[in-house]
Amino acid sequence: TIPKVYDGKNRTFFFVVYGGYRYRQGAPNTQVSLIPTDYRAGNFANAGATIYDPATTQTVNGAITRTAFPGNAIPTSRFSSVSKAVLAALPTPLNNSLFNNFVSVGRGYVNEDQINVKIDHSFNDRHRLNGYFYKDVLEQLDPIGGGSERTAIPGGGTTSATNRNRNHWVRLADDYVISPAVLNHIGIGWTRFLTTIDSGSLNQDWPTKLGLAGVNAAANNSFPCIQFPSSGYSSLGHPNCNSRTLQTNNALQLDESLSLVRGSHSFKFGYEYRFMETNGIDNYQAAGLFKFNALETGVPNQPKTGNAIASFLLGTVDSGQEKVFAYYPRNRYQYMAGYAQDDWKFTRKLTLNYGLRYDLFFPRYEKLDNLSTFDPTIANPGAGGRPGALAFLGNGTGRNGRRSFSDTYYKTFAPRLGLAYQLTPKTVLRAGYGIYYAAGNNVAGLRDSLSQTYGYSANPVYTTLDQGATPAFNWDSGFPQN
């Protein structure tokens, strides 16, 4: 009741609940193996392997030969300019050990606020309206980024990530007693889930600072993902090679039901509609994934030769890949259903339940029809007209005039039949039969739908084909663009 404004006594009820959560996490304090001080100067005297100069690679009598660096030391004049910049972005080791030379840092935290509001209003004894609102705001800093190595490295090569969620729910329901034997219910709901996962190096212009060309240097750029497989040294950059994940999921739901009692029959009729959408960015590997191996500074098939960090200093990439996106899909899904059922009290001991439901699952479509897939039946002009080519949704040149790659299945009639029979005062026999339908594989989330963006995205992969005799490329020349 609001004095002189509104008298809601015994008519309007509400409650508000707030919940706050704060968590502070100490530094992980785990040991990390960063590139050692000696290696950063090109000194591999303690590497336990001979370092060979890839610039001296020759083939003699069918075998790859190379000349070792004098003193197992790589002159700094031979260092890759990109690798130099990466070294400058890394923290200095705490000791001169080859491994376990740094202690992870970074403090995590969780901040979360929730608010719940519920209101019920009774217009009269026959008509009631209720509403519900929920809001959840979450921010979480994970200093180790969820990586399998469980490390936390400060600077550009940080593995940290910040997760943010903004979730909203709104529900309205109206119940109206039309007569003592007829009840109508209508409900509407809206749900919004917004999630972002930002790398700790997001939008800091690291590609420009490092002089690394051919990777994403525009919005949502980040430090490249650098790995040293089988070397024992910690990877650099986000563990999943994600610069930013931004996803917004919206759902609208409407349901209507009418309950009717007639003699020994209890009828129920209803309708349901859902509209769902997934919008987002998931630009994993857009910063480039670079792997350095001992092969590029070793001799093929000769043990104790080469070193992954030595190959890194020279910029000789063993394997590299990136993901290039021209468009991020914005998927849409729709579903509707109707049903009719009856609970019939056939006798004092026997009750029959029967009904029919009709479900319609509309295949996923994209807001601007920018999805594609491989179709083995259409002619490929680039292969002499042989069957098998990309098919593109939508209207216009080169498109197939469709909104989805799947057809709507309309034969989704779902009968239900059940009974309950009282054998004795303490024993009831129950039986039931029904056909049920669920959404098929034409309904998928954001990450799954990225597999249907051929022609809108590319995932070039370059790797050595001769055990490191020829590197995939040197990253001083940037990621290959051919």
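Being a predicted model, the structure only gives us computed values, none of them experimental.
Within the structure, the salt bridge (charged side-chain N to carboxylate O under 4.0 Å, His left out) test picks out the following pairs touching residues 110-122 (sequence neighbours left out): R22-D113, K118-D120. Legend: side-chain hydrogen bond (donor to acceptor under 3.5 Å, both in side chains) pairs involving residues 222-231, not counting sequence neighbours, sorted by first then second residue: S222-S243. Residue pairs meeting the side-chain hydrogen bond (donor to acceptor under 3.5 Å, both in side chains) criterion with at least one member in residues 376-394, sequence neighbours excluded: D375-T377. The disulfide bond (SG atoms under 2.5 Å apart) contacts involving residues 215-251 comprise C225-C241, where partners must be two or more places apart or lie in separate chains. Pairs passing the salt bridge (charged side-chain N to carboxylate O under 4.0 Å, His left out) check and including a residue from residues 239-249, sequence neighbours excluded, read D198-R244.
Judged as a side chain to side chain contact (heavy atoms under 4.5 Å, CB included), and not counting sequence neighbours, the contacts of Y436 are R416. Contacts of R332 classified as side-chain hydrogen bond (donor to acceptor under 3.5 Å, both in side chains), with partners at least two apart in sequence or in another chain: E277, N279. Applying the side-chain hydrogen bond (donor to acceptor under 3.5 Å, both in side chains) criterion to S201, with sequence neighbours excluded, gives S199. A search for side-chain hydrogen bond (donor to acceptor under 3.5 Å, both in side chains) contacts involving Q334 returns Y273, Y365, not counting sequence neighbours.
P224 places a side-chain heavy atom less than 4.5 Å from the side chain of L210. In this structure, the side chains of L393 and N370 stay at 4.5 Å or more apart for every pair of heavy atoms. Proximity of P91 to L34: side-chain heavy atoms (C-beta onward) are separated by under 4.5 Å at one or more points.
Between Y456 and the choices F392, Y328, F325, the ring-ring contact (aromatic ring centres under 6.0 Å, His included) rule is met once, by F392. Screening Y462, W475, F223 for a ring-ring contact (aromatic ring centres under 6.0 Å, His included) involving F290 leaves a single residue, W475.
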Please report, to 0.1 Å, the donor-acceptor pairs under 3.5 Å made by any side chain of residues 258-268, with sequence neighbours excluded.
| residue | atom | partner | partner atom | Å |
| --- | --- | --- | --- | --- |
| S264 | OG | W344 | NE1 | 3.1 |
| H265 | ND1 | D342 | OD2 | 2.6 |
| H265 | NE2 | W344 | NE1 | 3.4 |

Could you tabulate the donor-acceptor pairs under 3.5 Å formed by side-chain atoms of residues 178-186, not counting sequence neighbours?
| residue | atom | partner | partner atom | Å |
| --- | --- | --- | --- | --- |
| S179 | OG | A181 | N | 3.4 |
| S179 | OG | V182 | N | 3.4 |
| H185 | ND1 | D175 | OD1 | 2.8 |

What pairs of donor and acceptor atoms, side-chain ones from residues 132-139 against any protein atom, are under 3.5 angstrom apart with sequence neighbours left out?
| residue | atom | partner | partner atom | Å |
| --- | --- | --- | --- | --- |
| Y132 | OH | N116 | OD1 | 2.6 |
| Y134 | OH | Q114 | NE2 | 3.3 |
| E139 | OE1 | R164 | NE | 3.0 |
| E139 | OE2 | Y109 | OH | 2.6 |

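The aromatic rings of Y335 and F361 are tilted relative to each other, their planes meeting at an angle between 30° and 60°.
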Evaluation steps, side chain to side chain donor-acceptor pair (under 3.5 Å), between D343 and Q341: CA-CA 7 Å; D343 294 334; Q341 68 182 51; 4.7 Å; no

